[in-house]
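Heavy atoms only: backbone and side chains are in, while hydrogens, waters and symmetry mates are out. When a ligand or atom number is given, it counts from 1 through the structure's own listing order. Keep in mind that what you see is a predicted model, and the values were worked out from it rather than measured.
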Amino acid sequence: MTVIRFTLNLVFAVSACLMLAGTSHVQPKKGEPLANQLFGAESVSSEQRPQVFGYYAKGCLAGAVQLPETGPTWQAMRLSRNRNWAHPSMIAFIRRLSIEATKHGWAGLYVGDMAQPRGGPMTSSHQSHQSGLDADIWMLPPKRLNLSRAARENISSISVRTDDQKSINENWTPAHMAILKAASKDKAVDRIFVAAAVKIAMCKDAGTDRNWLKKIRPLSGHNYHFHVRLKCPKGSPGCEKQTPISKISKGDGCDKTLTWWVTDYLDPPKPKKKKKKKVEKKKKLKPPRRRAREMILADLPRQCKRVLTSE
Ligand SMILES: [Zn+2]
C-alpha cells in the first residue's frame, strides 16, 4: 500500500513539472512539422487578448507579455533563448516577488525561463512552461542588476543542495526561505517546485506558521532554481487546472512522501519479481504518450492554431 502511495506520488509529482504530456491519438503525417518547431520559430507574441489555452504541459498562450529584460528589481537571464514571455498575471507576480526579495537583502531576482512568445512546447528543456504560467527563478541571490546581455548568457546559478541530493548546502540561506515563503503565500500561486532537500529544510525551520508549506512541492532537479506555477487566471476559460495539491498530499507535505525523495527515490529497493511482472504487463497495454518535443499542432488545444497564425 505504502509503495503504491509513493509511486502515485511520484507519478503526480513528475507529471506536474516534467509533465507526462498525455496520450495522443492523432498521428503525425509524413513531413509534418513538430509543434515545438512551429512555436519555437515565433519571435513575438500574438496580437490577441491575453489568454491561456490548455495545460501547463500541453497548451499555448495568446497575447503574451514580455518581461522587460531589466527592471528595477529583476533581470531576465539567458536572453538569447527568448523565453521571457508570460501571461500578464505572471509578469505581475514577478514584479511583486522581486520587490519582496529586496526586503531580504537581495538586489531583486534573476529570472530564468518563462515561456516562448506564443507559449507551446519548447525546442529544448522543459516539458511544461507552455501556457505562460510557469517561471524558473534562480537560487543565485542577485548582488547587482546591471549584468550585460553577454554576462547573462555566461553566469550560472548556484545549487543550494549537496551533491548526494540529500540535504541543503551552505548556499541555502534564511533569505531563500523567506522569499519562497512569500511566493507560496501569494494568492496567484498554485504550487512551487523545489528539490526535496530544500523542502525538508523548510519543513524543519517553518515553526508554527506552516500552511503555506503545502504549496512547496518536491521534485527532482530544482536545486539551481525554483519553479513557480500560477493558477489559471481569470478570463482564460480554456485553461486546464492541475490536480489540487489537497488530492495528492496531506497537510503540509512534510511526511514520508517527502523523505521518500531522499531515500527510496535515490536508492530504490529491489522490486519483488512477481510485482515487476504485473507492472510490465500493465505498461504494455498503455498507448505511448507523446512528450513535449514529439507533439504536433493537433495535440494542442484547437485555439493554438490561431495563436500561432495570428499577427
Ligand atoms: Zn521550470
Side-chain angles (χ1 to χ4, degrees), residues 10-21 36 39-40 52 54-61 64-67 74-87 89-91 93-94 97-98 101 109-140 152 155-161 165 176 179-180 183-184 186 188-199 202 215-233 239-243 245 261 291-293 295:
L10 174 63
V11 169
F12 280 127
V14 171
S15 62
C17 185
L18 306 171
M19 222 359 259
L20 311 176
N36 69 346
F39 280 91
V52 169
Y55 193 59
Y56 304 95
K58 198 176 189 176
C60 63
L61 173 64
V65 175
Q66 190 173 27
L67 179 73
W74 72 84
Q75 283 202 291
M77 308 303 280
R78 304 282 190 268
L79 296 168
S80 62
R81 292 158 79 101
N82 197 26
R83 291 175 178 174
N84 55 326
W85 299 79
H87 186 272
S89 60
M90 177 55 91
I91 305 292
F93 168 78
I94 295 289
L97 190 68
S98 60
L109 296 175
Y110 287 152
V111 182
D113 282 1
M114 297 200 293
Q116 300 177 134
R118 301 181 192 215
M122 290 184 175
T123 46
S124 63
S125 312
H126 326 278
Q127 293 293 323
S128 66
H129 288 250
Q130 294 190 28
S131 59
L133 300 173
D134 294 288
D136 289 344
I137 297 171
W138 283 22
M139 294 287 193
L140 176 68
R152 284 185 256 179
I155 76 163
S156 297
S157 188
I158 49 163
S159 172
V160 295
R161 191 192 63 192
Q165 304 189 33
H176 285 91
I179 293 163
L180 272 157
S184 180
D186 192 295
V189 170
D190 185 64
R191 63 198 72 196
I192 300 169
F193 301 110
V194 296
V198 168
K199 172 142 184 173
M202 297 178 98
K215 280 199 210 172
I216 307 280
R217 303 288 298 151
L219 197 58
S220 58
H222 298 88
N223 48 320
Y224 285 89
H225 69 262
F226 57 95
H227 174 146
V228 178
R229 173 165 292 173
L230 300 189
K231 294 172 186 161
C232 282
C239 176
E240 196 185 319
K241 289 180 190 158
Q242 187 164 3
T243 310
I245 291 170
W261 283 96
R291 294 173 64 80
R293 269 174 287 292
M295 289 177 185

task = Answer yes or no: is there an ion pair linking Asp190 with Lys231, defined by an N-O contact shorter than 4.0 Å?
result =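 So Asp190 does not pair with Lys231 through a salt bridge.
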query = Among the N, O or S atoms that Asp136 has, which is closest to the Zn ion (ligand 1)?
reply =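 It is OD1 of Asp136.
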Taking both backbone and side chain into account, is any N, O or S atom of [X] nearer than 2.8 Å to the Zn ion (ligand 1)?
{"X": "His129", "answer": "yes"}
{"X": "Asp113", "answer": "no"}
{"X": "His227", "answer": "yes"}

ask   = For Asn223, what residues pass the side chain to side chain donor-acceptor pair (under 3.5 Å) criterion, not counting sequence neighbours?
value =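 For Asn223, the residues satisfying side chain to side chain donor-acceptor pair (under 3.5 Å) (neighbours in sequence not counted) are Ser159.
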ask   = With Arg161, which residues qualify under side chain to side chain donor-acceptor pair (under 3.5 Å), at least two apart?
value =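 For Arg161 there are no side chain to side chain donor-acceptor pair (under 3.5 Å) partners, ignoring immediate neighbours.
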task = Answer with yes or no whether the side chains of Ser80 and Arg152 bring together a donor and an acceptor at under 3.5 Å.
result =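 Side-chain D/A pair, Arg152 to Ser80: absent.
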